[in-house]
Protein chains: 2
Amino acid sequence: MSTQPGDVFSSHCGSRTVLDHVTSKWAVLVLSALDRGPMRFSALRRRIDGVSEKMLAQTLRTLEADGFVVREVAPTTPPQVTYRLSWLGAELTVHLSGLLDFITTRLPDIQAARRA
Amino acid sequence: MSTQPGDVFSSHCGSRTVLDHVTSKWAVLVLSALDRGPMRFSALRRRIDGVSEKMLAQTLRTLEADGFVVREVAPTTPPQVTYRLSWLGAELTVHLSGLLDFITTRLPDIQAARRA
DNA sequence: CAGTATCCGTTGCGATACTG
DNA sequence: CAGTATCGCAACGGATACTG
């Protein structure tokens with residue numbers, strides 16, 4: 001019930017770090033985009049409106065380091081780099097997609113409830 | 001399939017704003033804490049390790065404005081202010097709790113998969 | 001195509017002090 | 001107790017330019 005090791009409520013625990021990565025500004029959108037299938041860098045850029053190259057690259061590197069995304073390079077010229085969800089990433093994205101669906105479908109209610 | 005009005009993938013849509021609020025550094029933790037029942041300001045501060053008064057107040061105000069959290073003041077001295085989830089907030093938190101549970105329980109796998 | 005590097009303004013956010 | 005106000009630094013993150 002109270003704070004336990006690994007609990008998100010305690011700082012300096014790994015789970016807090018992962019939570020911050022996953023809920024960062026662009027990570028949610030990247031993961032959800034990849035949920036529909038592997039995508040290349042430029043396709044992701046086009047899909048996610050407003051993301052800069054820098055932030056997309058940074059987000060992808062973080063997600064790859066956390067084991068949620070797999071980066072695959074085809075040895076062609078020009079090189080084709082494809083990103084896809086790992087098994088762990090797919091499990092994660094189930095939860096995120098549920099969140100996105102909720103926000104999207106309930107947006108009218110949210111905006112109706114909004115004050116000031 | 002492609003970008004639609006209200007879609008999170010397009011910027012300048014309300015859903016993107018709400019998503020940013022909800023996935024902000026402290027909002028996830030506040031909502032999850034309130035999921036167990038109403039809490040007072042100072043109790044939330046103690047529960048959520050590392051949050052400053054400023055950020056807790058700011059987060060609560062945003063969540064209240066979005067209609068996810070309800071603020072109730074008991075007319076006593078000293079005043080007792082209690083925060084609780086609205087119906088909409090409770091629905092939202094279902095998804096967030098799922099996310100937190102996933103991260104917490106799968107943390108070993110995540111850290112095992114982590115590179116560099 | 002798929003990035004990296006640099007610059008640099010904006011914002012996040014902790015610390016501190018003060019209020020009803 | 002339950003906040004608000006102000007300060008100030010560090011990190012976030014967008015724009016631009018450059019690379020293999």
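To find a chain, count down the sequence lines: A is the first, B the second, and so on, and within it residues start at 1.
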Check your understanding: If you look at every strand shown and take non-hydrogen atoms under 4.0 Å, does B:R45 touch a base, only sugar-phosphate, or nothing?
Key -> nothing
Practice item. Over all heavy atoms of both residues, which pair between A:A27 and A:V22 is shortest? Give the atoms and the distance, please. Key: CB-O, 3.5 Å
Whole angstrom value for the distance that separates [atom2] of [N] from [atom1] of [X]:
X     : N      : atom1 : atom2 : result
A:H21 : D:dG13 : NE2   : P     : 12 Å
A:L56 : C:dA5  : CG    : P     : 16 Å
B:D20 : D:dC12 : CG    : P     : 15 Å
A:R46 : C:dG3  : CZ    : P     : 14 Å
A:M39 : C:dG3  : CE    : P     : 13 Å
B:R71 : D:dG3  : CZ    : C1'   : 8 Å
A:Q58 : D:dC12 : CD    : P     : 7 Å
A:L60 : D:dG13 : CG    : P     : 14 Å

Which nucleotide wins on minimum distance to the side chain of [X], given the candidates [options]?
X     : options             : result
A:A57 : C:dG3, D:dG3, C:dA2 : C:dG3
A:Y83 : C:dG3, C:dT4, D:dC1 : C:dG3
A:F41 : C:dT4, C:dG3, D:dA2 : C:dG3
B:R61 : D:dT4, C:dC1, D:dA2 : D:dT4

Review point. If you measure only the distance, is there a donor-acceptor pair under 3.5 Å linking the side chains of A:S10 and B:D49?
Key: no
Practice item. State, without any angle test, whether A:D35 and A:T93 hold a side-chain donor-acceptor pair at a distance under 3.5 Å. Key: no
Point to revise | Under 4.0 angstrom between A:R40 side-chain N/O and C:dC1 OP1 or OP2 | key: no
Practice item. Show your working on side-chain contact (heavy atoms from CB on, under 4.5 Å) between A:R84 and A:V69 and close with a plain yes or no. Key: CA-CA 6 Å; A:R84 61 175 179 84; A:V69 162; over 6 Å; no
Atom pairs, N/O to N/O, protein against nucleotides 14-16 of chain C, distance under 3.5 Å?
from: C:dG14; atom 1: OP2; to: B:S52; atom 2: OG; distance (Å): 2.9
from: C:dG14; atom 1: O6; to: B:K54; atom 2: NZ; distance (Å): 2.5

Exercise for review: Report yes if the side chains of A:F41 and A:L60 come closer than 4.5 Å at any heavy-atom pair, otherwise no.
Suggested key: yes
**Study point:** Contact check, side chains of B:L34 and B:L44, non-hydrogen atoms, under 4.5 Å
**Key:** yes
Point to revise | B:L96 with A:L107, same ILVMFWY side-chain cluster at under 4.5 Å | key: yes
Review point. What is the pairing partner of D:dG20, taking Watson-Crick or G-U wobble pairs with both distances under 3.5 Å in any strand?
Key: C:dC1
